[in-house]
Amino acid sequence: MFTLTRLLATGFFAFILWVIYLANTGKSAFFFDVIHSIPYGDKLGHFVLFGVLTLLINLALNLKRVRLLVPIYIGTLLVTVFVVAEEVSQAFIPTRTFDYGDLMADALGIGAFTLLTYLIGWVKTRKVAEQPELN
């Protein structure tokens with residue numbers, strides 16, 4: 001079943017792919033102008049875009065985790081791999097430049113929204129534990 005959360009995550013990912021396409025091809029969009037008019041808007045955009053994507057994918061995957069060295073949300077892992085690949089690929093695209101600052105903003109967004117994911121999971125777990133048992 002395709003839940004609302006999965007639809008939101010898919011739509012948001014499609015939006016990010018569209019933004020990447022515009023940037024890679026050197027095309028302009030009104031929100032690029034808005035972002036550039038805000039101090040540190042580019043970094044804030046990276047933080048928010050990839051943070052929200054992380055949260056939506058984690059929720060769409062029902063907070064599932066995989067154990068690497070420590071348990072990690074699958075959505076967090078997927079977004080991290082995507083972000084690193086996308087940022088590194090910019091070194092090979094003439095209209096883009098690789099920027100450690102963007103990568104740091106991405107990482108901070110992913111981390112902050114992973115923490116939010118954890119808090120949501122904790123609240124959900126507590127609510128389930130507090131439910132009275134039915135006999």
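Note that the coordinates shown come from a computational prediction; the quantities given were computed from them, not determined experimentally.
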J.: Could you go step by step and tell me if Leu49 and Phe15 meet the side-chain contact (heavy atoms from CB on, under 4.5 Å) rule?
T.: CA-CA 10 Å; Leu49 283 175; Phe15 171 73; 3.9 Å; yes
J.: Are Phe113 and Phe47 packed together at the side-chain level, in the sense that at least one heavy-atom pair is separated by less than 4.5 angstrom?
T.: yes
J.: Under the side chain to side chain contact (heavy atoms under 4.5 Å, CB included) test, which residues partner Leu59, sequence neighbours left out?
T.: Thr5, Leu55, Leu63, Ile120
J.: Tell me whether Ile35 shares a hydrophobic cluster with Val19, the cluster being built from Ile, Leu, Val, Met, Phe, Trp, Tyr side chains joined at under 4.5 Å.
T.: no
J.: Could you work out, with side-chain hydrogen bond (donor to acceptor under 3.5 Å, both in side chains) as the rule, every residue matching Thr114, not counting sequence neighbours?
T.: Thr76
J.: Sequence neighbours excluded, which residues qualify as side chain to side chain contact (heavy atoms under 4.5 Å, CB included) partners of Ala29?
T.: Leu22, Phe31, Phe32
J.: Using the salt bridge (charged side-chain N to carboxylate O under 4.0 Å, His left out) criterion, which residues pair with Glu86? Sequence neighbours excluded.
T.: Arg96
J.: Would you give me the side-chain donor-acceptor pairs under 3.5 Å for residues 101-110, sequence neighbours excluded?
T.:
| residue | atom | partner | partner atom | Å |
| --- | --- | --- | --- | --- |
| Asp102 | OD1 | Lys43 | NZ | 2.6 |
| Asp102 | OD2 | His46 | NE2 | 3.4 |
| Asp106 | OD1 | His46 | ND1 | 2.7 |

J.: What residues, two or more places apart in sequence or in another chain, satisfy side chain to side chain contact (heavy atoms under 4.5 Å, CB included) together with Pro94?
T.: none
J.: Is it possible for you to say whether Tyr40 and Phe50 belong to one hydrophobic cluster, with membership spreading through side-chain heavy-atom contacts below 4.5 Å?
T.: no
J.: Excluding sequence neighbours, so at least two apart, what forms salt bridge (charged side-chain N to carboxylate O under 4.0 Å, His left out) with Asp42?
T.: none
J.: Do Ile57 and Leu61 come within less than 4.5 Å of each other through their side chains, counting heavy atoms only?
T.: yes
J.: Flag yes if Ile93 and Trp18 sit in one hydrophobic cluster, no otherwise; membership is Ile, Leu, Val, Met, Phe, Trp, Tyr, and two members link when side-chain heavy atoms are under 4.5 Å apart.
T.: no
J.: Would you list the pairs meeting salt bridge (charged side-chain N to carboxylate O under 4.0 Å, His left out) in which at least one residue belongs to residues 48-77, sequence neighbours left out?
T.: none
J.: Go through the structure and list residues passing ring pair (Phe, Tyr, Trp, His ring centres under 6.0 Å) with Tyr100, not counting sequence neighbours.
T.: Phe98
J.: Please list, chain by chain and in numerical order, all residues satisfying side chain to side chain contact (heavy atoms under 4.5 Å, CB included) with Thr25, sequence neighbours excluded.
T.: Tyr21, Lys27
J.: Decide side-chain contact (heavy atoms from CB on, under 4.5 Å) for Ile20 and Ile16; before the verdict, give the C-alpha distance in whole Å, the side-chain angles of both, and the deciding distance to 0.1 Å.
T.: CA-CA 6 Å; Ile20 291 169; Ile16 290 174; 3.8 Å; yes
J.: With sequence neighbours excluded, give me every ring pair (Phe, Tyr, Trp, His ring centres under 6.0 Å) pair touching residues 71-95.
T.: Phe13-Phe82
